[in-house]
Amino acid sequence: MKTDLTSQIKLDRIPRRYYRPENEIERTAVTREEKVNTFIYESTADGGAFLASEIARYIRRFTAEKGKCVIALGAGNATHPAYAHLISMCSQGKVDFSNVVIYNISEFFPLNENGPSTLARLKEVLLDHINVKPENIRSIDPQITKETMFDCCRAYEDAIETDGGLDVVVCEIGQNGSLAFNGPGSPKTSLCRLVLLSNDARHAIAGDYKVDEVPTTAITLGLDNILRSRRILTMAWGESSSDIVARTVEGEETVKVPASCLQGHRHVKVVTDLGAADALTRISYPWKVTSCDWDDKLIRRAIVWLCNLTGKPILKLTDKDYNDAGLGELLALYGSAYNVNIKIFNDLQHTITGWPGGKPDADDTYRPERAKPYPKRVIVFSPHPDDDVISMGGTLKRLVDQHHDVHVAYETSGNIAVGDEDMTRYIMLMDSIAGRFGIDTPEYTAKSREIQEFLASKAAGGVDSADIRYLKTKIRQAEARIACAYIGVKPGNVHFLNLPFYETGTIKKGDLSEADVDIVKGLIASVRPHQIFVAGDLADPHGTHKVCTDAVLAAIDELKGEEWLKDCRIWMYRGAWAEWEIDHIEMAVPISPEELRFKRNSILKHQSQMENAPFLGDDDRLFWQRAEERNRATAKLYENLGLASYEAIEAFVEYHPL
């Protein structure tokens, strides 16, 4: 079973020589915009393996030179793939930690008995599984107080100096460019100290440590302490990190992006996967650093970039514009700016369709979807019970109105995203009507009391009971059914898959398993669809979308030998967090003002996910607002390029099974 096919999505558009140059000459060319040594891997697992091998190499080197290796370790989630490989290497005798001294790079303050701890996390993901000596593990004194803060921080730095200084630092680049807990504004000269945690950091901690009450302060080694290390290894994964990686690696050194201070260190390695590297010049704008392998998508990307650079629509670009921007290769290939312009204009024009299921009895030569068969059987896979309408509510309505046989499959229950207050409202309603409808039995009364007592005593971040998870699941399912009925999806075509990986009761989910894939595979095989819509929103900060997409792609991979599946097209949509880049869009479905209002109303059917939803994050906009603004922005991009002007557009990219 292939469980990480989402990591392969970018591989069909990025030549390997851009991210894994064959020799140093090529590497020097494609990385000339980069101010830090950056290593890009196809997947997080591959990047983690490289990091682990580097850590092991440094341990061997410094242990041989001076008898021990002194390492400061971060505990962030991005470090865990490397730690998993280190554990495996240690068990195989490929790395020895017996002469390694480990410093915890940061710790929460104050440390509560049942609260989160970075040292506890380090022990859980690494230290308890390797042969490091307990006396060689160093951390901030847990008894530290505000009164002893200064002396304890200086003592921690003194201990590092006594051990001969740091040989290696391993930590992640945070979403806001932080290193350890050194957030934006941290000076390059900062030392070990107490810091106030930013909203971004606290939001990440809430997810990483499965807590509702998140610490507001922490003690961390400063940037100066980190930069004094002989070697620094840092990493970032996923599309949501791409902008900050570009600012770290290619931007100006600034206190607004603390990780950018790494540009002044001679021995730093930044390790990313393709998603996190997406905004680097060699990945997104390779024509700036090398000769290109020009295909239709890369040409489109270059022209869209040129339009933004010049402020012109496509058909007004001139030979001079191309030459001034270093795109003379395209003029040589096509003969003139006009020839390139008209090709790309037509390519983008052909992505636009009001018939997402294909227009029956029409010439489909230049349409994104084929005319036949008609009507089509369609499955829309939705990670949570609202992603369908948030991401493609307008397209979903079009498919139904154009008489296709539309199925909606909700992959997870989404129960963890229902607040206790929303659930309590339903309990109170049931209690108030129990007498009238004859359900005020001793059994129901006892169950209601049990649930309310559980909620009253529930600790912050505590796991819900099975009954509460059941009720929250039913709330999400009822909302989804109402939204589907509003759109016109047949009741029998609404499927709740409740994939097992999600049902942990906590923010942290399980790994994708055969049980998950088999459930998805069973639905696909029973429907035998002509179209599948699946979430491609890999920037989802909670990771559930990625696992759900992996489940669908794994199921498709196992079924790809079936003859009927060869007649199925797979379209990827994006959700509230991001949109497809316009140069990758292969189907653009226009939405009128009336249809946009209809989409908003369908999103509002999911009442538990409005103001009280736990995972709105630091973005103050509600889901319907994010969706509308994203769809309007896509339409504005098309308009700026000289194409038709629409109120909004939903965008899709086709997935081709490997």
Side-chain angles (χ1 to χ4, degrees), residues 10 12-19 21 25-36 38 40 239 242-252 260 263 274 277-352 578-586 588 633-645 651 653:
K10 289 184 179 294
D12 64 353
R13 70 172 179 85
I14 302 175
R16 183 176 172 83
R17 68 183 183 89
Y18 294 170
Y19 62 91
I25 294 176
E26 286 188 8
R27 178 173 175 79
T28 300
V30 299
T31 63
R32 67 171 182 258
E33 295 287 329
E34 298 170 14
K35 303 170 185 177
V36 184
T38 305
I40 305 170
E239 291 180 1
S242 61
D243 287 342
I244 206 64
V245 167
R247 294 174 68 188
T248 295
V249 172
E250 296 184 348
E252 295 299 319
S260 66
Q263 295 174 11
L274 275 171
D278 191 56
L280 294 179
T281 298
R282 56 171 148 153
I283 302 300
S284 279
Y285 314 106
W287 56 87
K288 291 184 176 184
V289 293
T290 186
S291 60
C292 291
D293 303 327
W294 291 107
D295 59 16
D296 287 349
K297 288 186 179 179
L298 186 59
I299 295 171
R300 198 198 296 182
R301 173 176 281 263
I303 302 317
V304 171
W305 169 80
L306 184 57
C307 289
N308 290 332
L309 185 69
T310 60
K312 294 181 178 181
I314 294 172
L315 296 179
K316 288 188 177 182
L317 294 173
T318 66
D319 286 8
K320 185 177 185 302
D321 294 326
Y322 280 81
N323 284 320
D324 288 349
L327 291 172
E329 278 187 350
L330 290 178
L331 298 182
L333 285 172
Y334 287 90
S336 70
Y338 175 80
N339 291 340
V340 187
N341 295 347
I342 199 69
K343 170 183 168 48
I344 298 305
F345 182 88
N346 287 335
D347 283 352
L348 285 169
Q349 183 67 46
H350 294 154
T351 66
I352 302 172
E579 181 56 281
W580 294 112
E581 303 91 339
I582 194 169
D583 44 295
H584 298 310
I585 294 172
E586 293 170 286
T634 303
K636 187 64 177 175
L637 281 175
Y638 271 81
E639 180 183 345
N640 290 344
L641 293 171
L643 291 109
S645 178
V653 171

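- Between the Asn339 side chain and the Tyr334 main chain, a donor and an acceptor come within less than 3.5 Å of each other.
- Nearest heavy-atom pair across Pro313 and Cys307 is C-SG, 3.9 Å.
- With sequence neighbours excluded, no residue forms a side-chain hydrogen bond (donor to acceptor under 3.5 Å, both in side chains) with Ser291.
- To the nearest 0.5 Å, atom CZ of residue Arg16 and atom CG of residue Leu274 are 9.5 Å apart.
- Considering only residues two or more places apart in sequence or on other chains, Glu26 meets the side chain to side chain contact (heavy atoms under 4.5 Å, CB included) condition with Arg17, Pro21, Glu22, Asn23.
- Considering CH2 of Trp287 and CG of Leu327, their distance stands at 7.0 Å, rounded to 0.5 Å.
- Partners of Asn346 according to the side-chain hydrogen bond (donor to acceptor under 3.5 Å, both in side chains) rule, which considers only residues two or more places apart in sequence or in another chain, do not exist here.
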Report the C-alpha distance between Tyr18 and Thr290 in whole Å, list the side-chain angles of each, state the deciding distance to 0.1 Å, and finish with yes or no for side chain to side chain contact (heavy atoms under 4.5 Å, CB included). CA-CA 9 Å; Tyr18 294 170; Thr290 186; 4.1 Å; yes
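- Here the side chain of Arg282 pairs no donor or acceptor atom with the backbone of Thr31 at under 3.5 angstrom.
- With a 4.5 Å cut-off on side-chain heavy atoms, Pro286 and Val30 do not count as touching.
- For the atom pair Ile14 CD1 and Ile283 CD1, the distance stands at 5.0 Å (nearest 0.5 Å).
- Shown here are the side chain to side chain contact (heavy atoms under 4.5 Å, CB included) partners of Asn308, two or more places apart in sequence or in another chain: Val304.
- Remark: Lys288 pairs with Thr281, Tyr285, Trp305 by the side chain to side chain contact (heavy atoms under 4.5 Å, CB included) rule, at least two apart or across chains.
- Here salt bridge (charged side-chain N to carboxylate O under 4.0 Å, His left out) pairs that include residues 325-340, with residues two or more places apart or in two chains, number zero.
- Between atom CD of residue Glu34 and atom OG1 of residue Thr248 there is a gap of 12.0 Å, rounded to the nearest 0.5 Å.
- For the residue pair Thr318 and Ala337, the shortest heavy atom distance occurs at C-CB, 3.5 Å.
- Inter-residue side-chain proximity for Thr634 and Ile582 is flagged as unmet; no heavy-atom pair is nearer than 4.5 Å.
- With sequence neighbours excluded, the residues that form a salt bridge (charged side-chain N to carboxylate O under 4.0 Å, His left out) with Asp324 are Lys320.
- Residue pairs meeting the salt bridge (charged side-chain N to carboxylate O under 4.0 Å, His left out) criterion with at least one member in residues 332-345, sequence neighbours excluded, are Asp296-Lys343, Lys343-Asp347.
- Heavy-atom minimum distance, Ala246 versus Leu280: CA-CD2, 3.8 Å.
- Between the side chain of Arg32 and the backbone N or O of Val289, at least one donor-acceptor pair lies under 3.5 Å.
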For a side chain to side chain contact (heavy atoms under 4.5 Å, CB included) check, start with the C-alpha distance between Leu330 and Ile299, then their side-chain angles and the critical distance, and finish with the verdict. CA-CA 8 Å; Leu330 290 178; Ile299 295 171; 3.8 Å; yes
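- Residues forming a salt bridge (charged side-chain N to carboxylate O under 4.0 Å, His left out) with Glu33 (at least two apart in sequence, or on another chain): none.
- Here the shortest heavy-atom pairing between Thr38 and Arg27 reads O-NH2, 3.1 Å.
- Under the salt bridge (charged side-chain N to carboxylate O under 4.0 Å, His left out) criterion, Glu579 pairs with Arg630, not counting sequence neighbours.
- Residue pairs meeting the salt bridge (charged side-chain N to carboxylate O under 4.0 Å, His left out) criterion with at least one member in residues 301-310, sequence neighbours excluded, are Arg301-Asp583.
- The minimum heavy-atom distance linking Ser242 with Ala279 is given by the pair O-CB, 3.6 Å.
- A distance of 9.5 Å separates CD in Gln263 from CD in Glu250, rounded to the nearest 0.5 Å.
- Val340 places none of its side-chain heavy atoms less than 4.5 Å from the side chain of Leu317.
- Among Ile344, Leu641, Ile342, Leu643, the single residue meeting the side-chain contact (heavy atoms from CB on, under 4.5 Å) criterion with Leu315 is Ile342.
- In this structure, the separation between OG on Ser336 and OH on Tyr322 is 9.0 Å, given to the nearest 0.5 Å.
- Scored by the side chain to side chain contact (heavy atoms under 4.5 Å, CB included) test, Asn323 finds Leu331 as partners (sequence neighbours excluded).
- In this structure, Thr310 contributes its side chain and Leu306 its backbone to a donor-acceptor pair below 3.5 Å.
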